[in-house]
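Written below as structure tokens is the structure these notes are about.
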Amino acid sequence: MKYLHMMLVLLTVVLLGSTTAMAEVPSPKIPKGNAEQCVEPTQEMRVNHMEYILHQRDETVYWGVRTKKHSFKECINCHTVKDDAGKAVTFKDERHFCNSCHTYTAVKIDCFECHASTPTAKSGANPHSSINSLIKMSAAGSKE
Ligand code: HEC
Ligand code: HEC
Ligand code: HEC
């Protein structure tokens, strides 16, 4: 029994040691949102953000429901990251909020092939301008 106890203590020491080592593994540099808090608690968003945006998409696209709280456009508006020149970086830039973490976790998303990854300039600007031009292009039969 004494021997078993010793083994357990040793094992615990080894395990604790490796957790400390794990904490030193480089973690992604995630830019902070431009407000006090997110639309849901940070921890909840960290784990479930995709549920919110995908749910929001279905509500809007299938049911025509438009609310602001979980709107994709609002995520982009508040999670803007600016470069040294003060210009909002696009999803192509590794500093982009959504990219910062996705590059690190190797999760690929195609959202920005259609959606704007930076806030649109002036107020009243159409957030879906890139989508709309895409729709117009396909309606016109353009191959671009
Ligand atoms: C009004 C500003 C605002 C809006 C709108 C907003 N967020 Fe956030 N978000 C924040 C802030 C502030 C934090 C907290 C960062 C922290 O605690 O360091 C955050 C945290 C997060 C995190 C966790 C980041 C981390 O550090 O782990 C994710 C993921 C996230 N938001 C995604 C979204 C998505 C997706 C949307 C749209 C549905 C959204 N946010 C809308 C401000 C916003
Ligand atoms: C804190 C790190 C982090 C941030 C910041 C973050 N994501 Fe994610 N995202 C993840 C992880 C990790 C997954 C994969 C989760 C899983 O597979 O269970 C994921 C999954 C997703 C998915 C689902 C992909 C799929 O194929 O199922 C979408 C969509 C998504 N994120 C969109 C976004 C958008 C848009 C932003 C910026 C507004 C963003 N994420 C910011 C970490 C992050
Ligand atoms: C092929 C183009 C395309 C891709 C790719 C795409 N979307 Fe969309 N999305 C659209 C169109 C078109 C609409 C409808 C525009 C409208 O009605 O405002 C839309 C609407 C939405 C909406 C509701 C409007 C809003 O701003 O809240 C959300 C949320 C959304 N998409 C999220 C996503 C997410 C998350 C991804 C990636 C996993 C994604 N979309 C990928 C074309 C696309």
Side-chain angles (χ1 to χ4, degrees), residues 5-144:
H5 180 76
M6 268 297 285
M7 286 301 285
L8 279 174
V9 169
L10 265 176
L11 193 70
T12 316
V13 169
V14 169
L15 282 177
L16 277 177
S18 57
T19 354
T20 322
M22 265 169 65
E24 281 156 22
V25 164
S27 48
K29 231 180 130 249
I30 308 163
K32 217 178 166 292
N34 302 313
E36 282 306 309
Q37 55 190 29
C38 199
V39 290
E40 299 293 336
T42 300
Q43 188 51 35
E44 166 67 11
M45 285 311 271
R46 213 164 268 165
V47 184
N48 288 325
H49 59 281
M50 59 303 270
E51 306 293 335
Y52 289 103
I53 36 180
L54 295 176
H55 175 78
Q56 179 79 10
R57 176 185 62 184
D58 295 348
E59 290 264 298
T60 306
V61 177
Y62 302 139
W63 310 108
V65 178
R66 270 175 208 279
T67 49
K68 210 170 164 194
K69 192 174 180 201
H70 296 139
S71 155
F72 200 20
K73 188 191 148 203
E74 295 302 320
C75 322
I76 297 305
N77 279 347
C78 195
H79 281 287
T80 312
V81 177
K82 298 208 170 129
D83 63 16
D84 297 339
K87 199 165 173 273
V89 299
T90 68
F91 188 63
K92 287 199 187 97
D93 193 301
E94 59 183 19
R95 290 167 293 182
H96 188 278
F97 173 69
C98 311
N99 204 354
S100 64
C101 209
H102 280 225
T103 305
Y104 180 82
T105 51
V107 178
K108 288 214 169 61
I109 49 169
D110 65 358
C111 319
F112 301 112
E113 282 168 24
C114 300
H115 291 269
S117 64
T118 58
T120 30
K122 297 177 190 72
S123 63
N126 187 346
H128 288 290
S129 53
S130 55
I131 287 169
N132 289 338
S133 54
L134 205 93
I135 294 167
K136 268 185 227 134
M137 277 186 324
S138 58
S142 162
K143 290 204 179 65
E144 272 183 75

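With sequence neighbours left out, Y52 forms a ring-ring contact (aromatic ring centres under 6.0 Å, His included) with H70. Remark: N34 engages no residue in a side-chain hydrogen bond (donor to acceptor under 3.5 Å, both in side chains) (not counting sequence neighbours). Residues forming a side chain to side chain contact (heavy atoms under 4.5 Å, CB included) with V61 (at least two apart in sequence, or on another chain): R57.
Judged by distance alone, the side chain of T60 and the main-chain N or O of V65 form a donor-acceptor pair under 3.5 Å. In this structure, T103 contributes its side chain and S100 its backbone to no donor-acceptor pair below 3.5 Å. N48 places no side-chain N or O within donor-acceptor distance of the main-chain N or O of E51, the cut-off being under 3.5 Å.
In this structure, the separation between CD1 on I30 and CZ on F97 is 7.0 Å, given to the nearest 0.5 Å. Rounding to the nearest 0.5 Å gives a distance of 8.0 Å between CD of Q37 and OG1 of T42. A distance of 5.5 Å separates CD1 of I53 from SG of C111, quoted to the nearest 0.5 Å.
When side chains are defined from C-beta on, T67 counts as touching Q56, because their heavy atoms get closer than 4.5 Å. Side chains of H96 and F112 form a contact here, defined as non-hydrogen atoms less than 4.5 Å apart.
Remark: aromatic rings of H115 and F91 are distant, center separation not under 6.0 Å.
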Just do the side chain to side chain contact (heavy atoms under 4.5 Å, CB included) check on N77 and F72 with the steps written out, would you? CA-CA 9 Å; N77 279 347; F72 200 20; over 6 Å; no

For M45 and V39, run side chain to side chain contact (heavy atoms under 4.5 Å, CB included): C-alpha distance rounded to whole Å, both residues' side-chain angles, the deciding distance at 0.1 Å, then the answer. CA-CA 8 Å; M45 285 311 271; V39 290; 4.0 Å; yes

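Annotation for C38 and H79: closest pair SG-NE2, 4.2 Å, computed over non-hydrogen atoms. In terms of heavy-atom proximity, V81 sits nearest to R95 at CG2-O, 3.5 Å. Of all heavy-atom pairs spanning E36 and K32, the tightest one is O-NZ, 4.2 Å. Closest approach of V89 and K82 over heavy atoms only: CG1-C, 4.3 Å. Summarising the geometry of P119 relative to T80, their closest heavy-atom pair is CG-OG1, 3.2 Å, with the distance given to 0.1 Å.
A 6.0 Å sphere centred on CD of E94 holds no more than 12 heavy atoms belonging to other residues, nucleotides or ligands.
Salt-bridge formation is detected for the pair E40/K69: a Lys NZ or Arg NE/NH1/NH2 atom is positioned less than 4.0 Å from an Asp or Glu carboxylate oxygen.
Across N99, T90, D93, a single residue satisfies side chain to side chain contact (heavy atoms under 4.5 Å, CB included) together with S117, and that is T90.
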